[in-house]
Engineer: 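Pasting a structure here, questions to come.
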Amino acid sequence: MAALESFRRETRAWLEANCPPLMRTPMPDDEVVWGGRNPVFKHPEQKVWLERMAARGWTAPGWSRAWGGGGLSPGECDVLAEEMAALGCRAPLYSFGLSMLGPVLLEYGTEAQRREHLPPIVRGEIRWCQGYSEPGAGSDLAGLQTRAVRDGETFVVNGHKIWTSYAHYADWVFALVRTDPRAKKHEGISFLLIDMASPGVRAQPIRLISGYSVFCETFLEDVRVPAGNLVGEPNRGWTIAKRLLEHERKSQGSFSDRHKARGEVPLPLLAKRHLGETAEGRIADPVLRDRIAAYAMRDHAFQLTRRRLAEERAATGSPGPASALIKLVATELNQTRLELMLSSAGTAALGWEGEGFGADELRLTRDWLRSKANTIEGGTSEVQLNIIAKRVLGLPD
Amino acid sequence: MALTLDAEARLIRDQAVTFFEERSPVRALRALRDAGDPDGFSRALWREMAELGWAGFLVPEAHGGTEAGALGLGLVLEAAGRTLAPTPLLSTALIGASALVLGGNPAQRAAQLPAIAAGTRLVALALEEGTHHDPARTGATARRSGNGWRLDGTKSFVPDGGAADLIIAVVRTEDGLGLFLVPADAPGVTRERRRMVDGRNAAAIRFEGVSLPAGARLEGGGPGLLDAVLDRARIGQAAEMLGATGAAFDRTLQYLKDRRQFGVPIGSFQALKHRAARMFEAMELLRSTVLAALEAIDEGSPDLPRLASLAKAQAGEAFFLIGNEAIQMHGGIGMTDEHEIGFYLKRARVAQATFGDSAYHRDRYAALSGF
Ligand SMILES: Cc1cc2nc3c(=O)[nH]c(=O)nc-3n(C[C@H](O)[C@H](O)[C@H](O)COP(=O)(O)OP(=O)(O)OC[C@H]3O[C@@H](n4cnc5c(N)ncnc54)[C@H](O)[C@@H]3O)c2cc1C
């Protein structure tokens, strides 16, 4: 305990000395730092902040120092997160490498793979994307058809991935490929790391209903990949693929509170602003008030549950099937919140672009549309319910 | 504050679960109901529970209690809820003890707490007057009379009120709501039994010119005393509901695996699987809120009122969902009195209404959150 307290004091002092003031303000979505070979920094402070945190390994505080991480214990990781929250520090880096690939390489990667890929992830030098889904393989992911054929010391990859988030900005992709077309569908899949700069890789952005373009169709044509880029055993990739999805779902647990880091107007305040308040300071419309209360309480119960499940699983380290529950509830909460934001704002949140609407209002409309993907991406809600029924409750097929 | 149980807490829980499974399974409730037992619970079993120290979990050691804390008592309540065991745990060990610990002066504490901890004195909180939980609309009164007080009014729904030796009456005084200690056999107190749908007893209680000494009022705890007591009651009720909801869920899940139709277990049908997963979700959220609320009592957290409303509302919703799904998924057998699952649905309705239903607590949570 005493050691943790002195760690807390040192951490607070370091953050106060090193986190630039601008990095202690809420972070709009378009100021998220994703890193990569061609990183985008809107403000020089973002670069400074990333470099300082990365130098301490605090972009990946729990990873071993051998891979550039912070080497912190789980208790120290919590303290760091608490102190960053207390000062309002922005996350220095968002990255699929940190939240998804890294944990899987730590568990299944070779020494050489870890040495090659983990330190650049910590420093935000390489941006990763996820090449799982295909036009014919969404919920039925194991039905994927992208082929990788061994040719000497390389694999030759041909196929068509879709919904690949940020593939047009990514440097590398972790992809699921079929290496044994004759085996049963779960038993012929391998987990392969592919440099997006390889000849034959092409990513084409797709426009969403929100007008944002966050994902791509990714075409792979005779792409040559070194055999050493295969993670784990050949044809045993499905186990790794599922473990990565657990990490993805766990990270999606923060969908329900990312808006807080953005400094968005809290829902009850928005409702009061547009619908008025009573003399006692309550939202004037009792029906909307009740719906907002139901949402706020569900969110509160969810935050407690996420904490409890994390505590319970602290011993084992892996998120396990409980991550399906976290993903299910967090994504629905985010959608409920945005529906209630729109109900509160009325026609002010129905604009598309141009005059007559504030930037916040236009963003709200787009965010509402974007949130509809939350219950689809990372495995649909129906798939999460299937997982809970089967793997948590043990119901028969 | 950790939301996971340490070894000591797990020991309390496991002991309680075994105790109620062995000593008070659902058929014990059925037997009490069928016999029309005037108390609605077993006094012999209550003595055993008191010997285990459960009646004195919140009572200071100086008064013969164990002071083991609200979390421990909550875990015992949860275990009692699993088998729907009717016990005075909530009315006496939680509410009675809390009211005296928070509001009693040294003389009142010395007079009541040792007997509460020993299990020899039963307590009931007389609050509700209408059909809905609404402390603000209390109409019963206490007026100064000579050196003491005179109590008048009618209480419509007092859980365990018939068996109580000591009634804690919530009444209006010249300076707001007050809590008064009323011996159940005081002249002017009349009690009528109310048999509830869940097989337990409540009482309608009339106070007609009941004269009480000056020292009958619980003066401690300030104007927030009633809320503080009620919040503990709500959390204890939610803990019991957590147990009952969990047992109803476990039984239904087992039935989904055992019952076969169309040549397969009914639990293989996706329409039922998804609903089972939703029940699991409700259970997990409920467990977290109840644990957080129990720990908030022990830690004296300033967020206790909000957590109490959160836990009680979540308990109401989860028990409603699972109580109803349990009947539906059992099919025809679920509608029979012979099957035990129906007892859970009945408890769900009574427990929801006790100390405020989910709608009441959503409104309260919103008010406490500033909207
Ligand atoms: C914004 C966004 C970003 C994404 N990013 C990525 C990414 O970076 N990388 C990547 O690989 N993929 C990504 N995806 C793809 C995502 O994982 C898939 O869309 C998702 O798995 C669903 O697959 P599908 O779109 O083919 O829908 P389908 O599988 O065709 O599903 C259609 C409907 O049928 C239901 N359904 C299907 N099977 C079942 C079943 N067994 N039981 C009950 N209902 C069922 C689904 O729940 C859904 O409602 C992204 C998707 C979105 C929307």
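The shown structure was predicted, so the numbers you read here are calculated from the model rather than taken from an experiment. By convention in this document, chain letters (A, B, ...) are assigned in the order of the sequence lines, proteins followed by strands, and residues within each chain are numbered from 1.
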Engineer: By a 4.5 Å heavy-atom criterion (distance strictly below it), what part of A:Leu393 contacts chain B: side chain, backbone, both, or neither?
Structural biologist: both

Engineer: Can you check salt bridge (Lys or Arg N to Asp or Glu O under 4.0 Å) on A:Arg298 and B:Glu317, steps first, answer last?
Structural biologist: CA-CA 11 Å; A:Arg298 196 170 156 73; B:Glu317 271 158 35; over 6 Å; no

Engineer: Using a strict threshold of under 4.0 Å (side-chain N to carboxylate O), is an ion pair present between A:Arg337 and A:Asp367?
Structural biologist: no

Engineer: Let me know if A:Leu309 has heavy atoms under 4.5 Å from chain B in its side chain, its backbone, both or neither.
Structural biologist: side chain

Engineer: Check step by step if side chain to side chain donor-acceptor pair (under 3.5 Å) holds for A:Asp299 and A:Gln303.
Structural biologist: CA-CA 6 Å; A:Asp299 187 47; A:Gln303 302 296 347; 3.3 Å; yes

Engineer: Charged N to carboxylate O under 4.0 angstrom, A:Glu76 versus A:Arg8?
Structural biologist: no

Engineer: Under 4.5 Å from any heavy atom of chain B, what part of A:Leu328 do you find: side chain, backbone, both or neither?
Structural biologist: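 It is the side chain, since no backbone atom gets that close.
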
Engineer: Using non-hydrogen atoms and a 4.5 Å limit, figure out which bit of B:Glu281 sits close to chain A: side chain, backbone, both or neither.
Structural biologist: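 Contact with chain A: backbone and side chain both.
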
Engineer: Can you give me the closest heavy-atom contact between A:Trp163 and A:Ser133, atom names plus distance?
Structural biologist: CD1-CB, 3.8 Å

Engineer: Among A:Lys390, A:Arg289, A:Gln384, A:Glu280, single out the residue with the greatest number of heavy-atom pairs under 4.5 Å to chain B.
Structural biologist: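 So the answer, after comparing A:Lys390, A:Arg289, A:Gln384, A:Glu280, is A:Arg289.
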
Engineer: Looking at chain A, which one of B:Leu286, B:Thr289, B:Leu310 has the largest number of heavy-atom pairs inside 4.5 Å, strictly under?
Structural biologist: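 Most heavy-atom pairs within the cutoff with chain A belong to B:Leu310.
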
Engineer: Could you check whether any side-chain heavy atom of A:Lys185 comes within less than 4.5 Å of a side-chain heavy atom of A:Asp140, counting everything from C-beta outward?
Structural biologist: yes

Engineer: Check each atom of B:Ala311 against the heavy atoms of chain A and say whether the ones under 4.5 Å are side chain, backbone, both or neither.
Structural biologist: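 Contact with chain A is absent: no heavy atom of B:Ala311 under 4.5 Å.
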
Engineer: Which of parallel (below 30°), tilted (30 to 60°) and perpendicular (above 60°) describes B:Tyr255 and B:His330?
Structural biologist: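 Parallel.
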
Engineer: Tell me whether A:Arg282 is salt-bridged to B:Asp363, with the criterion being a basic N under 4.0 Å from an acidic carboxylate O.
Structural biologist: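 The answer is yes: the pair qualifies as a salt bridge.
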
Engineer: Indicate whether any N or O donor in one side chain lies under 3.5 Å from an N or O acceptor in the other, for B:Thr138 and B:Arg172.
Structural biologist: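 No, because no side-chain N or O of B:Thr138 sits under 3.5 Å from a partner of the opposite role on B:Arg172.
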
Engineer: Counting heavy-atom pairs closer than 4.5 Å to chain B, which one of A:Asp290, A:Ile388, A:Val392, A:Asp397 comes out on top?
Structural biologist: A:Asp290

Engineer: Sub-4.5 Å heavy-atom contacts with chain A: which residues of residues 257-279 of chain B show up?
Structural biologist: B:Lys257, B:Pro265, B:Gly267, B:Ser268, B:Gln270, B:Lys273, B:His274, B:Ala276, B:Ala277, B:Arg278

Engineer: Where does B:Asp250 contact chain A at under 4.5 Å (heavy atoms): side chain, backbone, both or neither?
Structural biologist: neither

Engineer: Under a 4.0 Å threshold between the charged nitrogen and the carboxylate oxygen, would A:Glu246 count as salt-bridged to A:Arg391?
Structural biologist: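 A salt bridge is present here (some side-chain N lies under 4.0 Å from a carboxylate O).
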
